[in-house]
Amino acid sequence: MKTGRIDVSELPGGLDLQATLESGQSYLWRRADGRMYDSDEQSGGDAWYETVVRLDGDRVRLDTGDPTVVRVRQRDGALEWESTTDADWVVRSLLRLEDDLPAIRAATPDDSLLERAYDRYWGMRLVRDPPFGTLISFICSAQMRVSRIHDMQLALAEAFGDTVTADGRTYQVFPTPDRLAAATESELRDLGLGYRAPYVQRTAEMVAAGDAHPDEARGRSYEDAREHLTQFVGVGEKVADCVLLFSLDFLEAVPLDTWIRTTIEEYYPDCERDSYAETSRAIRKRLGGEYAGYAQTYVFHHLRNES
DNA sequence: TAGATACCTTATAG
DNA sequence: ACTATAAGGTATC
């Protein structure tokens, strides 16, 4: 495997790799020691994380291109990586290392909750995951615990994904749209997906048939893009926001999940409205607009770890 | 068009 | 041990 190092001190705002990958944004990375989401926050300070992406020219996609293993760990002031290809740009893209965290924080309002969250997890970045895997994993996220969502993606990869070998180790690749489209509802239920099984199968079928692709939300205005993604089965406004934020570069997206709704009740009651769309507008404005999704992610991780 | 309800499965609380 | 409850919601009526 090829290797490389990225000096963390050169990244604007640094990096907290563990917070980035264990904050419930991405379900497509795995911790090599298998201890993802162990409650002990210190235990994974320099753990290796690994994923497999498909590279298509200069873009990271999950449904086309050759499977590429990417491993990263943060140690001694550096982000170390290993990969089956020359992956410096891939790592920078997947972990959004170009984001200027101080500038993003400066664009959010002075607010004691946000200050606490940003201070505690400073260096946490949003991820830029492949669209199809993000779409499927967040369809699976409905009424699920974070650790179980993660386990479900692993189960999908083991049951329907290709394998790739590097340095004598075998890695499971997230399934392609074809393979998931060919799965039966009962096969998916056997993996524990429950009522999400037909959603996953039918959405995969839409993508495999070429009827739609989550990438097509790019280039639209934020609210149009969110509406566009709800055409997929099992995708409502909340899941659409997750795909926009964690995959498609819409940093203003604020997924209104149970945590954020509770937060709004408690800290921003004036932002409560009677519809998702209106509440979304109000809270996005309150969290600073353009980078509201960053604020949301820090607050989500902060509050989730307190209880 | 808004509002209530069913839905799979599992971990955790009581 | 056993039951109730909730988990990063959505589709359907």
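Chain A is the first sequence line, chain B the second, and so forth, proteins listed ahead of strands; every chain is numbered from 1.
- Checked against the 6.0 Å centroid criterion, the rings of A:F138 and A:Y27 qualify as a close aromatic pair.
- Note: A:Y298 and A:Y121 fail the aromatic proximity criterion, with ring centroids not under 6.0 Å apart.
- A straight line from CD of A:E185 to C1' of B:dC7 spans 12 Å, rounded to a whole angstrom.
- B:dC7 and C:dT5 are spaced 16 Å apart, taking the C1' atom of each and rounding to whole Å.
- Screening A:E80, A:E82, A:E10 against A:R5 for a salt bridge (charged side-chain N to carboxylate O under 4.0 Å, His left out) leaves a single residue, A:E80.
- At most 12 heavy atoms of other shown residues, nucleotides or ligands fall within 6.0 angstrom of atom CD in A:E290.
- Nucleotide C:dG9 forms a Watson-Crick or G-U wobble pair with B:dC7, both donor-acceptor distances falling under 3.5 Å.
- Counting only N and O atoms by type, the side chains of A:H228 and A:Q231 include a donor and acceptor under 3.5 Å apart.
- For the P atoms, the distance linking C:dG8 with B:dA6 amounts to 23 Å, nearest Å.
- Between A:D99 and A:Y291, the side chains place no donor N or O within less than 3.5 Å of an acceptor N or O (distance only, hydrogens not considered).
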**Request:** Summarise how protein sits on nucleotides 5-13 of chain C as a single string, 5' to 3': B when a protein heavy atom is under 4.0 Å from the base, S for sugar-phosphate-only contact, - for no contact.
**Result:** -BBBBSS--
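- As rounded to whole Å, 14 Å separates atom C1' of B:dA2 from atom CD of A:E278.
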